[in-house]
Visitor: 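One structure is given below, represented as structure tokens, and several questions about it will come after.
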Amino acid sequence: MIRTIFIYIIVLVFSLLPVSKLLPEEMVPMQVSDSGMGMSVKIERDTWVVLFNDSQEYYDQHYVELTVEANAKYDGVYFGSCYVTGNDKRNETFLSGGGDIYYLGGVHDSTSARLVFRESPNVDVIGMGGGWSRIRGTAIDVSQHEEEVSPMEGM
Amino acid sequence: MNMKINFLANKWILGGIIWISSFTALCLIWYKHSLTPYEKSAEDTYQIIHQEEITPDINSESMTGNITRRSAKLQKSNETIITNNKIVEPNSNVMNDENSKVKTENLENLNASSVGFGSYPNVPTDYPLRSPVWLRNPKGVPIGDPQPYEIMDRVLIKLWNQGRKDITGASYNTSDGKVYPHYANTAYVQYEKKIILPDGNVYQPIARVTGGPDIAPYVKLIRSGKTPPHIQLLDYDRAGIDPYKFLNM
């Protein structure tokens with residue numbers, strides 16, 4: 001009897017795990033590219049939330065966030081973009097509109113792409129998203145230390 | 001215990017362990033052997049960089065290349081004069097004139113922009129940021145074109161002179177040609193298009209948050225609409241400085 005209850009609990013816990021993954025606010029780091037010396041590129045996304053016939057839900061949480069960071073010791077340049085695609089729609093956001101951004105004394109730049117559905121009911125299909133970026137930097141004060149990080153990811 | 005010993009004595013197990021050990025040893029030898037030339041190359045590069053750091057800027061190439069060549073020429077002529085015991089002494093007035101002329105040219109060259117922006121501005125003694133690019137690295141920042149860095153440094157120095165004491169750095173967007181100074185506790189935000197919700201409310205989420213590295217801990221809060229009171233938000237599309245207008249270039 002106790003063993004049966006125990007097995008039920010185990011099954012219940014494992015069956016609820018995927019549900020917890022569907023929480024709309026949850027941001028999952030897809031890929032972090034970190035130089036380990038103060039420079040990083042990070043892409044995060046929410047999980048896909050399937051909302052059937054929910055007329056109250058106007059926009060969904062299909063969302064990708066790209067963060068580029070260099071600490072204050074770096075000067076350098078970066079560029080990149082992130083995107084989400086779903087329901088035959090695509091939203092892509094370019095850092096700096098497609099050019100380069102130079103920086104002095106470090107930088108933090110976080111950009112995001114989001115799909116907005118105006119139709120109701122809001123029925124999502126499996127989509128994809130991701131981003132790419134490249135940041136380069138030179139730490140003048142650390143023996144001309146130069147580094148570059150760049151992730152690329154899809155989902 | 002006996003079973004364990006039997007298991008370990010199994011010829012396949014022993015063979016496997018020996019094979020893995022040999023393979024690992026071979027891999028290590030190969031790894032060490034293949035890395036040797038790269039290690040040598042890295043060491044040479046480090047020595048070259050170190051040597052460049054030690055060597056005074058006045059002797060470096062690039063922007064001061066003319067100066068170096070002139071100095072070398074002058075030194076050579078000096079040596080010639082000394083060794084040949086000719087009429088002109090190295091310490092004569094003629095030589096002093098030549099020296100002072102070269103020195104003046106040196107100073108003029110060092111005060112002129114390497115990318116054609118004219119003479120460099122004076123750096124205030126209390127300027128808190130790193131020295132501008134033309135002072136700390138006359139060759140230009142190794143990555144890319146030195147021009148954007150020089151523009152940012154010029155804008156920051158002017159802002160400092162105008163009384164903005166909270167600058168921490170800057171960004172230069174090549175798409176819109178604007179410099180975005182990084183101020184302490186200040187973030188630039190860009191918004192998505194406005195969405196009118198079914199209940200009539202307007203929803204306009206933030207598409208981008210950027211600034212100096214000090215804003216990193218607050219970005220999630222800013223995005224969620226809970227900006228801490230000490231953080232100031234500036235509209236990225238309306239802010240930014242046109243450097244050419246600002247610097248009268």
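A, B, ... follow the sequence lines: proteins, then strands. Residue 1 opens every chain. A quick note: this is a predicted structure, and the numbers were derived from the prediction, not measured.
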Visitor: What part of B:Leu156 lies closer than 4.5 angstrom to a heavy atom of chain A: side chain, backbone, both or neither?
Guide: side chain
Visitor: Based on non-hydrogen pairs under 4.5 Å, which of A:Ala72, A:Ser112, A:Gly99 is most in contact with chain B?
Guide: A:Ser112
Visitor: With a 4.5 Å cut-off on heavy-atom pairs, point out which of B:Ile151, B:Leu129, B:Asn173 contacts chain A the most.
Guide: B:Asn173
Visitor: Counting only heavy atoms closer than 4.5 Å, note whether B:Asp214 contacts chain A via side chain, backbone, both or neither.
Guide: neither
Visitor: Taking the side chain as every heavy atom from C-beta outward, state whether B:Lys220 and A:Glu65 have any atom pair closer than 4.5 Å.
Guide: yes
Visitor: Tell me, for A:Asn71 versus chain B, whether the close heavy atoms (under 4.5 Å) come from the side chain, the backbone, both or neither.
Guide: backbone
Visitor: Please determine, among B:Ala187, B:Gly211, B:Ser224, the option with the most heavy-atom pairs under 4.5 Å with chain A.
Guide: B:Gly211
Visitor: Side chain from CB out, backbone as N, CA, C, O: work out which of these in A:Ala113 comes under 4.5 Å of a heavy atom of chain B, or both, or neither.
Guide: neither
Visitor: Quick check: B:Tyr149 with A:Tyr102 (ring centres under 6.0 Å apart)?
Guide: yes
Visitor: Side-chain contact test, heavy atoms from C-beta onward, threshold under 4.5 Å: evaluate it for B:Thr210 versus A:His108 and give yes or no.
Guide: no
Visitor: Do you know which of B:Pro148, B:Gly169, B:Pro205 has the most heavy-atom pairs under 4.5 Å to chain A?
Guide: B:Pro148
Visitor: What part of A:Thr93 is in contact with chain B, defined as an atom under 4.5 angstrom from a non-hydrogen atom: side chain, backbone, both or neither?
Guide: neither
Visitor: Do A:Asp75 and B:Arg130 touch side chain to side chain, with heavy atoms closer than 4.5 Å?
Guide: yes
